[in-house]
Trainee: 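Take a look at the following structure, please.
A, B, ... follow the sequence lines: proteins, then strands. Residue 1 opens every chain.
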Amino acid sequence: MDFASLPHRFGERDAIGDLRTAEDGLEPEQAGTQSWRIAGRVLGRRGQGGVSFIDLEDMSGRVQLLADLEQLGEETFEQVRSVSIGDLIGVVGTATRTRRGELSVKVAEWIELAPCRLPFPDRHHGLQDVEVRHRQRYLDLMTDPEARDRFVARAKMVASIRRTLDDANFVEVETPVLQPLYGGAAARPFVTHHNTLDRDLYLRVATELYLKRLVVGGLERVYELGKDFRNEGVSPKHNPEFTMLEFYEAYADCEDVMTRTEQIVTAAALAVCGTTKVTVKDQEIDFGVPWQRMTLGEAIEQKTGINPLTLGRDPQPLVDYLKSQGIDTSRDKTWAQLVDHMLSHYVEPTLIAPTFLVDYPVELSPLSRRKPGGEGLVERFEAFCGGMEISNGFSELNDPDDQRARFEEQAAAGRAGDEEAHPLDEDYVTALEYGLPPTGGVGLGIDRLAMLLTAQDTIREVILFPAMRT
RNA sequence: GGGCCGUUAGCUCAGCUGGUAGAGCAGGGGACUCUUAAUCCCAAGGUCGUAGGUUCGAUCCCUACACGGCCCA
């Protein structure tokens, strides 16, 4: 094919899926009357002398083309006969069903649209090389309908989440990706440089602090769906850039946003799967409300026999326990880090059905509001499902003095070597000084939810272009 | 960051713990007028991830590195 002579458009195109539905009633050797204009990629080719069969696929489905030498004449038939697997072509023709019963389109016009110049992957086995599937995702999508379905499902999930929030009068906003100061999550940031301003900027690790500034400003219900960036390792559950939903709701507390989280996820499951029941790691789980709830302390106690939240802030019993189980505690410098370690080691992998853990220690939650009655707890939850954290939310701390004190504790932890500690954000404290209403807020990991709703056990299968070494 | 496993034709895979590599598909040529993993014939296709080392001889054994995967941190 000579590119210069190829058409620039193929208008008034019919979807192959629509054709299949409309012509499904044809009997073998019966011809339809309607003329169809379809286009797509050639995925199969079978010659039989003066008859050629082509498999053509578009986004909506696949159909067989039937080309007849006598009907097309030698020149056009030769074009059909010599098409390569992978070529993009358009066809005009009527439907028919072959003697063998295969719904087909009898080619009347044959329009070459774009060639595939490189050898096509094996069409029986598909692409097996995980590295190639990720680096050249277009090949994965071309050859594996399930891969396409997965990303369509993800899009449906995101659309459902937007719908749920929009219907509840949330305003979708966009806040800076490039931030002079990062915050809102315990994570190491990426650093970049602005040439004209001649200053370093951070890629956001969360949208939290900007969104709460907007609530201070009077946007009482806001959400943002976008990429966060965390400078940490890649794993089946981690990609350095990932998609996060955060929403904030004024005049609501932790309990309210837990309920809303259930509502959002249940609706998304229905939108993607048509049911709230999905199969994760060979186990059926039900996103239907209400989800299980227990306190963090109870959850740890269930697995270890120790409830660290009833033992004061003494790290020693926790160190003793973990060491007795052969676990390396050398990186856990504080009581709070030990609790976190116990949570992620003993509890998180076992939480398959959707579960809320509540009552987190204040040391792990520098932006959450304290639980009345003290005990060093905050009004916070994390939601787990499929053995991983999918969501985190709380009653937002709106006391500027307490917030400043928490930031200062974080800064001290940072000086002591905690690379994930929050830096002090003066402007955020200033915003709180103007008055943040009582507010509940949530972060929800979109990639992880997509993993659950599409039954994938690695995040790379729900991210189109996952991070790879160059 | 550490441990283990993997890397052979464009794709999917064989290759006997040492004697310079094979098949199917795709791509090229041909036959075939209802095939559907079409079939049949012909030809072509390789720096065996990279670089060293051991050896008369390395896809195979050893070392380092690259990339990927799993587990641990």
Trainee: Does B:U47 count as syn, meaning its glycosidic angle lies within 90° of 0, or as anti?
Mentor: anti

Trainee: Distance between the C1' atoms of B:C62 and B:A43, in whole angstroms?
Mentor: 41 Å

Trainee: So what does A:Ile85 touch, heavy atoms closer than 4.0 Å: a base, only the sugar-phosphate, or nothing?
Mentor: sugar-phosphate

Trainee: First contact, last contact: which nucleotides of RNA chain B are these for chain A, 5' to 3', heavy-atom distance under 4.0 Å?
Mentor: B:G10 to B:A73

Trainee: Scan A:Arg117 against the nucleic acid and name what it touches under 4.0 Å (heavy atoms): base, sugar-phosphate only, or nothing.
Mentor: nothing

Trainee: Rounding to an integer number of angstrom, what distance separates B:A37 and B:G24 when you compare their C1' atoms?
Mentor: 11 Å

Trainee: Pairs in or reaching into residues 140-149 of chain A: which pass side-chain hydrogen bond (donor to acceptor under 3.5 Å, both in side chains), with residues at least two apart or in two chains?
Mentor: A:Glu57-A:Arg148, A:Arg133-A:Asp140, A:Arg137-A:Asp140

Trainee: Name the residue closer to the 5' end of RNA chain B, choosing between A:Ser330 and A:Glu29 according to the nucleotide with the nearest heavy atom.
Mentor: A:Glu29

Trainee: Can you tell me, in whole Å, how much space there is between the C1' of B:A58 and that of B:U20?
Mentor: 9 Å

Trainee: Apply side chain to side chain donor-acceptor pair (under 3.5 Å) to A:Ser104 and list each qualifying residue two or more places apart in sequence or on a separate chain.
Mentor: A:Gln64

Trainee: A:His124: what forms a side chain to side chain donor-acceptor pair (under 3.5 Å) with it, not counting sequence neighbours?
Mentor: none

Trainee: Counting the atoms with a prime plus P, OP1 and OP2 as sugar-phosphate, which does A:Glu70 contact under 4.0 Å by heavy atoms, base, sugar-phosphate, or nothing?
Mentor: base

Trainee: List for me each residue that meets ring-ring contact (aromatic ring centres under 6.0 Å, His included) alongside A:Tyr202, sequence neighbours excluded, and say none if there are none.
Mentor: A:Tyr182

Trainee: Need to verify one output field. Residue with the more 5' nearest nucleotide on RNA chain B, A:Gly49 or A:Leu127?
Mentor: A:Leu127

Trainee: Closer than 4.0 angstrom, basic N to acidic O: yes or no for A:Arg204 and A:Asp228?
Mentor: yes

Trainee: Can you pull out the residues from residues 459-470 of chain A that lie within a 4.0 Å heavy-atom distance of RNA chain B?
Mentor: A:Arg460, A:Met468, A:Arg469

Trainee: Distance check, P atoms only: B:U33 and B:C16, in whole angstrom units.
Mentor: 45 Å

Trainee: Classify A:Ser104 by what it touches in the nucleic acid, base, sugar-phosphate, or nothing, heavy-atom distance under 4.0 Å.
Mentor: nothing

Trainee: Between B:C13 and B:G6, how far apart are the two C1' atoms, rounded to whole Å?
Mentor: 14 Å

Trainee: Could you give the distance separating B:G46 and B:C11 at their P atoms, to the nearest angstrom?
Mentor: 13 Å

Trainee: If the glycosidic angle is within 90 degrees of 0 it's syn, otherwise anti, so just tell me which one B:U20 is.
Mentor: syn

Trainee: With a 4.0 Å cut-off on heavy atoms, is A:Asp55 in touch with a base, just the backbone sugar-phosphate, or nothing at all?
Mentor: nothing

Trainee: So A:Gln128, base contact, sugar-phosphate only, or nothing? Heavy-atom distance under 4.0 Å.
Mentor: sugar-phosphate

Trainee: Using a 4.0 Å heavy-atom cut-off, does A:Gly126 contact any base of the nucleic acid, only the sugar-phosphate backbone, or nothing at all?
Mentor: sugar-phosphate

Trainee: Does the distance from a Lys or Arg side-chain N to an Asp or Glu carboxylate O, for A:Glu29 and A:Arg97, drop under 4.0 Å?
Mentor: no

Trainee: With sequence neighbours left out, what residues match A:Glu241 under side chain to side chain donor-acceptor pair (under 3.5 Å)?
Mentor: A:Lys227

Trainee: Partners of A:Phe381 by ring-ring contact (aromatic ring centres under 6.0 Å, His included), sequence neighbours excluded?
Mentor: A:Phe356

Trainee: Using a 4.0 Å heavy-atom cut-off across all strands, classify A:Leu139 as base, sugar-phosphate, or nothing.
Mentor: nothing

Trainee: Under the salt bridge (Lys or Arg N to Asp or Glu O under 4.0 Å) rule, collect the residues that match up with A:Glu131, sequence neighbours excluded.
Mentor: A:Arg135

Trainee: Mind checking what makes side chain to side chain donor-acceptor pair (under 3.5 Å) contact with A:Asn239, not counting sequence neighbours?
Mentor: none

Trainee: Quick one: do A:Glu409 and A:Arg406 make a salt bridge, cutoff under 4.0 Å?
Mentor: no

Trainee: Looking at A:Asp55 and A:Arg46, is any side-chain nitrogen of the basic one under 4.0 Å from a carboxylate oxygen of the acidic one?
Mentor: yes

Trainee: Mind checking which stems touch RNA chain B? I mean at least 3 consecutive Watson-Crick or G-U pairs, both distances under 3.5 Å.
Mentor: B:1-7 with B:66-72, B:10-13 with B:22-25, B:28-31 with B:39-42, B:49-53 with B:61-65

Trainee: Enumerate the side-chain hydrogen bond (donor to acceptor under 3.5 Å, both in side chains) contacts for residues 343-362 of chain A, please, sequence neighbours excluded, ordered by first and then second residue.
Mentor: A:Asp359-A:Lys371, A:Tyr360-A:Glu382

Trainee: Rounded to whole angstrom, note down the P distance from B:U59 over to B:G2.
Mentor: 30 Å

Trainee: Please give the distance between the C1' atoms of B:A73 and B:A21 as a whole number of Å.
Mentor: 42 Å

